[in-house]
Every structure is written in C-alpha cells, then in structure tokens.
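Notes for the one structure printed next.
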Amino acid sequence: MEPGLKGKVAIVTGGSKGIGKAITRALAEEGVSVAICARGMEELNNTAKEIESETGIKILPVQADMKSVDEIKRLVSTTVKEFGGLDILVNNAASTIRGSVLDLPDEAWYNRFDGKVMGYIRCAREAVPHMIQRGGGRIVNIGGTAARSVSSNTAANGVANAAVANVTKFLSEDVARHGILVNCVHPGIVPTTPRAEEMAAQRLPPIGRVVRPAELADVVVFLCSDKASAVTGQAICVDGGRGRGICY
C-alpha cells in the first residue's frame, strides 16, 4: 500500500535543523511539498536548497516566530498561496529550558508555554480551515519523553510536553469529523550533532544504539500517510525503549 503522500503540502515548524530537518527530508522523499519555518533565515535557505537538490521537491523557507500570531498567519497564508493548499502540519519548533520547578522564574515558564504549547495551538488554528477545504489532513505535534518521565532539571520541558499531548487529544476530537487526524510523537534522546551522539552513546536504550532523527521522521511520515487512517489522538514514544513507564 502506497503512503498516499505524493502531491500533498506540508508545513514543518522548526524545519531548518535537527528533527525538523529530518522530517522535512522524509516528507519530501515521499513527494510532499514542504514549507519550513524558523527564526533564522540563513539556515532556512540552506536547508531548503539542500533538500531540494536531494529530492527535486520544492521546499519553501519562511521566517516565523511561534510566539507571533501575525507571523504564523503569514506562514500559513504564504504556504497556501505558493502551493495551493495545506494537508499536513508538523508542529516541531521549540527550545529547551533547563531547571527545576523551584528554580525557574515565571518568565522561563511563560516563554516555554508561549513558544511551544501556544505556538502549536496557533499553528493548528490557522491550518485547520485550509485542511477542511481539502477534505481532511494530518497534524503531528512533536512533544518529548519528559512528558512521561520527570527529571530534576527538565521541569518546564516535561510540563509543556504533557500539555502538548493533552492538546493533541482535545484537538483530535474537535476535528475528526472533518477527516483531520491529530497525533503526538514524543522523541527520546535523538542526537542531531556528532557531539550529542557521542554523549547519547554513553546511555544507550534497550535497543542498544542511538535513535536516529530519520527513524523518528519515519514515524511522523507514517502518521501523515494513508496507512495511519484510523490513528488519531495518540501519543507515541520513539525512544528505543528507554522509557520505563507503562502507558495504556
């Protein structure tokens, strides 16, 4: 069964590097035209040119900050104008904030929620009407395993990622009648630089090796495809079995 993605249009936020770049490449390899956004234009342009040359698929770089409603509106409208519609949204843009519950100041909490949780909501709010016009769509929210496993220095990340999973479930129920499926993917330790890979190799998961960005991207592509036509409202970990919790 073909994934049914050829000719689709996607937005990948935070698509210029790391996991977002891997997801952009994987979608393009399936014939999806992709708009990518981030705050840095130079890196966006470089990534767009690189993936276009590899796949022959148009990659549209759009500078946008997830904390800005106006910039998100421009991201979506520019994508629709360039490609003629929108089928897929991958919410990935976020930054990491380290610190414990008692150490983090209010501003750190506000920034984390504004950029990630509210950023994801803003993007979905703008994207859904265009997906309805197309007769359906897919939204994949990238969270993180800190949503399920607490650590003393990842409090804001964990709470925000748990909120992302919660928003995913609520949104999936709101839009299912329109043929739009919404899921969450929690990456574990997925190193995107040689140094990060070296550090991750010191704490290997049960599969005995580091999880590659491309492997996480494959799960996202599956959730966007026809093969996942009955999967919605779910939160799926891609961590090589590192997580010790049992989630029903």
Side-chain angles (χ1 to χ4, degrees), residues 10-15 17-27 66 88-99 101 109 112-113 115-121 123-124 138-173 181-193 196-197 199-200 203-225 227-228 230-248:
I11 290 175
V12 178
T13 69
K17 60 184 178 180
I19 288 172
K21 183 176 180 179
I23 292 169
T24 299
R25 177 180 284 111
L27 288 169
M66 295 297 99
I88 297 165
L89 169 64
V90 181
N91 278 317
N92 169 72
S95 58
T96 296
I97 297 175
R98 298 286 181 181
V101 171
W109 289 98
R112 182 61 167 161
F113 272 78
K116 185 158 193 174
V117 182
M118 288 308 303
Y120 285 16
I121 291 171
C123 286
R138 302 286 192 273
I139 298 174
V140 180
N141 296 322
I142 305 300
T145 53
R148 297 180 176 178
S149 179
V150 299
S151 174
S152 60
N153 68 340
T154 60
N157 297 330
V159 174
N161 288 333
V164 165
N166 196 286
V167 167
T168 296
K169 187 63 174 178
F170 275 108
L171 181 59
S172 71
E173 295 192 2
L181 308 183
V182 189
N183 291 288
C184 174
V185 174
H186 290 316
I189 299 174
V190 182
T192 56
T193 65
E197 185 166 351
M199 293 176 65
R203 296 174 54 225
L204 291 176
I207 63 172
R209 60 174 177 78
V210 171
V211 177
R212 302 184 301 274
E215 292 177 302
L216 186 134
D218 285 341
V219 174
V220 174
V221 169
F222 166 73
L223 291 172
C224 293
S225 75
K227 296 182 178 182
V231 182
T232 193
Q234 303 305 306
I236 301 167
C237 278
V238 183
D239 65 353
R242 184 184 299 277
R244 308 303 296 170
I246 299 172
C247 302
Y248 294 98

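None of the values given here were measured: they were computed from a predicted structure.
Across every non-hydrogen atom of Ala165 and Ala235, the tightest pair is CB-CB, 4.4 Å. The two atoms that bring Leu181 and Ala228 nearest to each other are CD1-O, 3.4 Å, heavy atoms only. The shortest non-hydrogen separation linking Met66 to Cys123 is SD-SG, 3.5 Å. Contact between Ala26 and Ala217 at its shortest, heavy atoms only, is CB-CB, 3.8 Å. Taking all atoms of both residues into account, the shortest heavy-atom contact from Ala146 to Thr154 is CB-OG1, 4.3 Å. Across Ala147 and Ala162, no two heavy atoms sit closer than the pair CB-N, 3.5 Å.
Listed by chain and residue number, nothing satisfies the side-chain hydrogen bond (donor to acceptor under 3.5 Å, both in side chains) test with Thr13 (two or more places apart in sequence, or in another chain). The side chain to side chain contact (heavy atoms under 4.5 Å, CB included) test applied to Ala124 returns Leu89, Ile139, Leu171, not counting sequence neighbours. Under the side-chain hydrogen bond (donor to acceptor under 3.5 Å, both in side chains) criterion, Asn166 pairs with no residue, sequence neighbours left out. By the salt bridge (charged side-chain N to carboxylate O under 4.0 Å, His left out) test, Arg25 is found to be paired with Glu50, Glu54, residues two or more places apart in sequence or in another chain being considered.
Using a distance-only test at 3.5 Å, with no hydrogens or angles considered, no donor-acceptor pair links the side chain of Ser149 to the main chain of Thr145. In terms of modelled atom types and a separation under 3.5 Å, the side chain of His186 and the main chain of Cys237 share no donor-acceptor contact. Side-chain N or O atoms of Asn157 include one that pairs as donor or acceptor with a backbone N or O of Ile97 at under 3.5 Å. Without hydrogens or angle criteria, Arg138 side chain to Ser225 main chain gives a donor-acceptor distance under 3.5 Å.
Judged purely by distance below 3.5 Å, without hydrogens or angles, the side chains of Lys116 and Asn161 pair a donor atom with an acceptor atom.
Between Val185 and Leu216, some side-chain heavy-atom pair lies under the 4.5 Å cut-off. For the pair Val220 and Val90, the minimum side-chain heavy-atom distance is below 4.5 Å. Side-chain atoms of Val190 and Pro213, non-hydrogen and from C-beta on, do get closer than 4.5 Å to each other. Side-chain contact between Ile236 and Asn183 is absent, with no heavy atoms from C-beta onward closer than 4.5 Å. A 4.5 Å side-chain heavy-atom check between Val12 and Leu27 finds at least one atom pair inside the cut-off. Val167 places none of its side-chain heavy atoms less than 4.5 Å from the side chain of Tyr120.
To the nearest 0.5 Å, atom CG of residue Leu223 and atom CG of residue Asn141 are 11.0 Å apart. Atom CD1 of Ile142 and atom CG of Asn92 lie 5.5 Å apart (nearest 0.5 Å). To the nearest 0.5 Å, the span separating NZ on Lys21 from OG1 on Thr192 amounts to 10.0 Å.
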The test is side chain to side chain contact (heavy atoms under 4.5 Å, CB included); show your working for Val238 and Val211 and say whether it passes. CA-CA 8 Å; Val238 183; Val211 177; 4.1 Å; yes

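Each side-chain hydrogen bond (donor to acceptor under 3.5 Å, both in side chains) pair with one or both residues in residues 234-245, not counting sequence neighbours, would appear here, but there are none. Residues in residues 214-224 take part in these salt bridge (charged side-chain N to carboxylate O under 4.0 Å, His left out) pairs, two or more places apart or across chains: Arg209-Glu215, Arg212-Glu215.
Tested against Cys224 for a side-chain contact (heavy atoms from CB on, under 4.5 Å), the candidates Val219, Ile23, Ile88 yield a single pass: Ile88.
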